[in-house]
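Residue indices begin at 1 and follow the sequence shown. Quick caveat, the model's predicted, so the values are computed rather than measured. In each ligand, atom 1 is the first atom listed, and ligand 1 is the first ligand listed.
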Amino acid sequence: MKPIRKAVFPVGGLGTRFLPATKALPKEMLPIVDKPLIEYAVEEARAAGIEEFVFVTGRGKTAIQNHFDSHFELEHALTAKGREEELSSITNAMGEPGQFAYVRQMEALGLGHAVWTARNFIGNEPFAVLLADDLISGEPGTLAEMAEVHTEHGGNVVALMEVPHADTARYGVVAPGGDDGKVVEVLDLVEKPDPADAPSNLAIVGRYILQPEVLGFLALGERGAGNEIQLTDSMAKMIGNMPFNGMRLSGTRYDCGTKVGFLEANVAFALERDDLGRDVFQRIEQVLEEHRQV
Ligand code: G1P
């Protein structure tokens with residue numbers, strides 16, 4: 001089984017849900033406590049053994065490139081002041097020269113189109129896709145767990161979680177076959193089905209390990225839900241030709257593509273921190289108290 005070495009990060013979206021914050025700032029740079037969302041996804045990929053990272057970007061996303069680049073002035077200033085902790089917090093994000101690549105999506109035609117845009121970088125080997133909006137807690141991380149499932153079963157692996165039936169229209173949804181509680185055989189996939197038509201309430205979360213054959217289907221450019229080129233539709237075409245499994249999440253997933261999920265993630269991650277947890281807990285209790293009295 002070939003190990004997964006490459007990961008694709010689609011970051012071309014406009015982030016309209018977070019305006020005005022995202023007018024000049026990529027939504028992937030919004031912080032959860034003090035680290036941008038995209039860095040959590042990159043860390044998760046690294047923990048799964050990923051060595052090459054490609055970002056599918058768009059206009060106004062240069063802050064992401066700068067974030068993973070060296071910043072000599074800042075590094076110099078922190079070194080001079082002996083601020084080791086802050087220094088490592090910025091140097092940890094950086095990879096080796098040449099590990100990070102950026103391609104422009106050019107047209108906002110959907111997630112499938114974004115992944116297809118990275119085809120020359122992916123070549124002919126299995127690869128991962130991570131959607132930074134889906135922040136998942138837990139060590140060593142969801143993608144590392146999925147890589148184990150891939151080593152055992154081969155083929156394609158997607159992350160799954162149960163969602164309220166009424167919410168299926170927001171997700172790719174699986175028709176499940178054999179299910180051992182963790183690994184679920186995927187018999188079919190439907191993108192954003194109406195709850196009445198959904199084959200289950202097992203939804204895809206934004207983590208994928210895919211075989212390169214998906215690129216051939218994506219190249220057809222067929223439109224699906226929302227008139228977009230959907231990754232889910234091309235994945236569905238591989239079912240039956242090779243193993244296709246879902247893996248139930250073991251961590252907690254925060255939907256940072258929504259304001260409520262983003263705020264929830266900030267609170268949850270702050271409460272987990274040794275340096276902040278107690279203070280944040282107390283302040284939140286006070287805030288809740290004030291709001292109860294209103
Ligand atoms: C995308 C995928 C969908 C998946 C979801 C997970 O949808 O198309 O299949 O369930 O991510 O977050 P989007 O959130 O981009 O509409």
Side-chain angles (χ1 to χ4, degrees), residues 7-18 22 26-28 30 32 37-38 40-41 44 55-58 105 107-118 128-137 142-143 146 156-176 184 186 188-195 197-210 214 217-218 221-239 244-249 251-262 264-265:
V8 179
F9 299 83
V11 292
L14 288 175
T16 46
R17 284 196 189 143
F18 285 90
T22 48
K27 67 171 174 166
E28 298 78 11
L30 293 173
I32 302 300
L37 261 175
I38 188 66
Y40 289 93
E44 187 186 321
F55 296 78
V56 182
T57 69
Q105 191 176 357
E107 290 176 282
L109 297 181
L111 177 60
H113 179 259
V115 171
W116 175 78
T117 304
V129 179
L130 295 97
L131 308 185
D133 276 1
D134 282 327
L135 176 62
I136 310 169
S137 64
T142 300
L143 194 66
M146 290 168 67
N156 301 291
V157 185
V158 292
L160 297 178
M161 70 182 281
E162 288 185 26
V163 298
H165 220 92
D167 290 350
T168 55
R170 290 174 44 203
Y171 297 96
V173 177
V174 160
V184 182
V186 174
D188 198 8
L189 287 166
V190 193
E191 181 67 13
K192 300 194 168 63
D194 278 344
D197 306 327
S200 76
N201 68 335
L202 270 178
I204 302 175
V205 182
R207 300 292 183 277
Y208 308 79
I209 291 177
L210 298 174
V214 74
F217 295 116
L218 288 171
E222 288 170 10
R223 305 293 182 109
N227 198 32
E228 292 188 347
I229 300 170
Q230 295 290 354
L231 180 59
T232 303
D233 296 344
S234 286
M235 293 194 304
K237 292 185 177 149
M238 293 188 284
I239 297 169
F244 205 129
N245 290 292
M247 188 199 82
R248 287 173 195 268
L249 284 187
T252 304
R253 174 256 192 180
Y254 300 92
D255 183 359
C256 294
T258 66
K259 285 174 194 158
V260 171
F262 173 76
E264 180 191 5

Engineer: May I ask you to check whether over 12 heavy atoms, not counting those of R17, lie within 6.0 Å of atom CZ?
Structural biologist: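 Count not over threshold, so no.
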Engineer: When you look for protein heavy atoms under 4.0 Å from ligand 1, which residues do they belong to?
Structural biologist: L111, L131, D134, Y171, G172, E191, K192, I204, G206, Y208, Q230, T232, R253
Engineer: Please check if the number of heavy atoms outside L14 that lie under 6.0 Å from its CG is greater than 12.
Structural biologist: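 Counting other residues, nucleotides and ligands, CG of L14 stays at 12 neighbours or fewer.
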Engineer: Under the salt bridge (charged side-chain N to carboxylate O under 4.0 Å, His left out) test, which residues partner E222, sequence neighbours left out?
Structural biologist: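 Applying salt bridge (charged side-chain N to carboxylate O under 4.0 Å, His left out) to E222 gives K237.
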Engineer: Quick check: do D133 and K27 have side-chain heavy atoms less than 4.5 Å from each other?
Structural biologist: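 The answer is yes, as the side chains (C-beta and beyond) meet within the 4.5 Å cut-off.
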Engineer: Got a sec, which residues hit ring-ring contact (aromatic ring centres under 6.0 Å, His included) with F9, two or more places apart in sequence or on another chain?
Structural biologist: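 F9 satisfies ring-ring contact (aromatic ring centres under 6.0 Å, His included) with F55 only.
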Engineer: Considering residues at least two apart in sequence or located in another chain, which fulfil the salt bridge (charged side-chain N to carboxylate O under 4.0 Å, His left out) criterion with E162?
Structural biologist: R248
